[in-house]
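This report refers to the structure that appears directly beneath it.
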Number of protein chains: 2
Amino acid sequence: MARLSLNQATIKRATVAEAVDGCARHGVESIGLWREPVADHGLERTAKIVQDAGLRVSSLCRGGFLTAVDNRAALDDNRRAIDEAAALRTDTLVMVVGGVAGDKDLIGARQRVADAIAELSVYAAQAGVVLALEPMHPVFCADRGVLSTLSQALDIAERHESVGVVVDALHVWWDPAVDEQIARAGRLIASYQVCDWLTPVPADVLLGRGYPGDGDIDLDRLTRQVAATGYAGDVEVEIFNAAIWAADFDEVIGEVTRRYHDVVEPAL
Amino acid sequence: MARLSLNQATIKRATVAEAVDGCARHGVESIGLWREPVADHGLERTAKIVQDAGLRVSSLCRGGFLTAVDNRAALDDNRRAIDEAAALRTDTLVMVVGGVAGDKDLIGARQRVADAIAELSVYAAQAGVVLALEPMHPVFCADRGVLSTLSQALDIAERHESVGVVVDALHVWWDPAVDEQIARAGRLIASYQVCDWLTPVPADVLLGRGYPGDGDIDLDRLTRQVAATGYAGDVEVEIFNAAIWAADFDEVIGEVTRRYHDVVEPAL
């Protein structure tokens, strides 16, 4: 289980302290953090509690939301996010780049993302943080992420220092080009995240994620593709699911470790 | 309004007779039919009522669901659908090819679709019917359609006689390659369908469609791309939406004609 990371969003109701404690008790050595609960606990306090527990921070989520025509405030906020990642001693800031922003101009939104990443990459490089562009499932194109494929994310990442990509199984599994784009990504894979696609899609499409193995994604195959690139980083289990959020933290972390062991680890 | 076609699913509660009557009263000259209500009304009776009203049948929906490992029954049903299209005097059978079918084998499912279309294309050519492969938004990859991009559909369509593609705005708008793939499609575009992508996605993701102009899709741009290929066929307005299904048929058809006139027709 040396490479399992618990993404904090999987136990969304937990505080930073509860999440760190849960990882320690279940032998999970790495954690993926989110800015809001980190701010609630305090940035420096979070850095200390994580370090005292001997945990790695596999990533900080999230920067992004850069698609507005006037994105100056967003750029400032992203620089703060980069600083926070550095303070937490993670080299990976997950970037959810933002949706169409209400003006139907998808091409313009994608261009604004490319321009903003070019600008932010300089700051990120100075901080020793990689901007990990997360291609989002196209169901989120309107409201969350206009980068819809790994190919698009790589087109940007390849042009700059300190920019990589996230391979999140849920977002990329449907893509007919996923094999070749994972191979193309190679060392640009900054994070590999797993969960599963549930059918039917629940009432809130954002929450249609299940434990690895419970859905339609061939995670064995996808994980082998990622491993074949030489990716040696942590594997985050990140699940947004109302029933899992309502469950006991310990039960959830226990199930995460079992699924990681059964479904993911054999393919690494 | 010479090229507007009302897809029958937009007024789902209407019988064939009510839909045909509505088209006639609103000056809509073409209709897209679905197999189930056609069967309810009777195939020959439907062919006659449509012809007596002077309507074109822009398409019949739907064949497909070919992804099961044993798809012999599905192949038989698709041959019946081809016969029905011919009886209704439409040359376009919309194909929703089917989902992953519960075994996580997306690559296998896609191969079975390609093989089945190769087999069915011979029968379709003899009947004078084009199998119009509909790439489906990736949110439907698990349960409805494993062809997720226009590029994939064209890879199959280009290899056979009597196979084309559907460009449905809802399914393709997010695709970063949509411009080049529409241009590639050229005369293989068998049907162009419009509606709009609503945000937030409603509880049933299948019903997240709005009137053209009400959502996030740049329909003017997309329609110009389709028109630039020389596409001269009907434009179907096909909307799955609980509120529109609950509304008065006449109001809905009236709104469809206004939106077509305002949003679509100027770009043709």
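Worth knowing before you read on, the calculation uses all heavy atoms, side chains too, and leaves out hydrogens, waters and symmetry mates. Numbers restart at 1 for each chain; the letters A, B, ... are given by sequence-line order, proteins then strands. All values derive from a computational prediction rather than experimental measurement.
Contact annotation for A:Ile107: only side-chain heavy atoms (C-beta onward) come within less than 4.5 Å of a heavy atom of chain B. Neither the backbone nor the side chain of A:Pro200 has a heavy atom closer than 4.5 Å to any heavy atom of chain B.
Highest contact tally toward chain A, considering only B:Val205, B:Ile217, B:Val100, B:Leu206, is held by B:Ile217 [criterion: heavy-atom pairs under 4.5 Å].
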Give the atom names and distances for all donor-acceptor pairs closer than 3.5 Å across chain A and chain B.
residue: A:Lys104; atom: NZ; partner: B:Gly213; partner atom: O; Å: 3.2
residue: A:Lys104; atom: NZ; partner: B:Gly215; partner atom: O; Å: 2.8
residue: A:Arg110; atom: NH1; partner: B:Trp174; partner atom: O; Å: 3.4
residue: A:Arg110; atom: NH2; partner: B:Trp174; partner atom: O; Å: 2.6
residue: A:His137; atom: NE2; partner: B:Pro138; partner atom: O; Å: 3.4
residue: A:Pro138; atom: O; partner: B:His137; partner atom: NE2; Å: 3.4
residue: A:Trp174; atom: O; partner: B:Arg110; partner atom: NH1; Å: 3.4
residue: A:Trp174; atom: O; partner: B:Arg110; partner atom: NH2; Å: 2.6
residue: A:Gly213; atom: O; partner: B:Lys104; partner atom: NZ; Å: 3.2
residue: A:Gly215; atom: O; partner: B:Lys104; partner atom: NZ; Å: 2.8

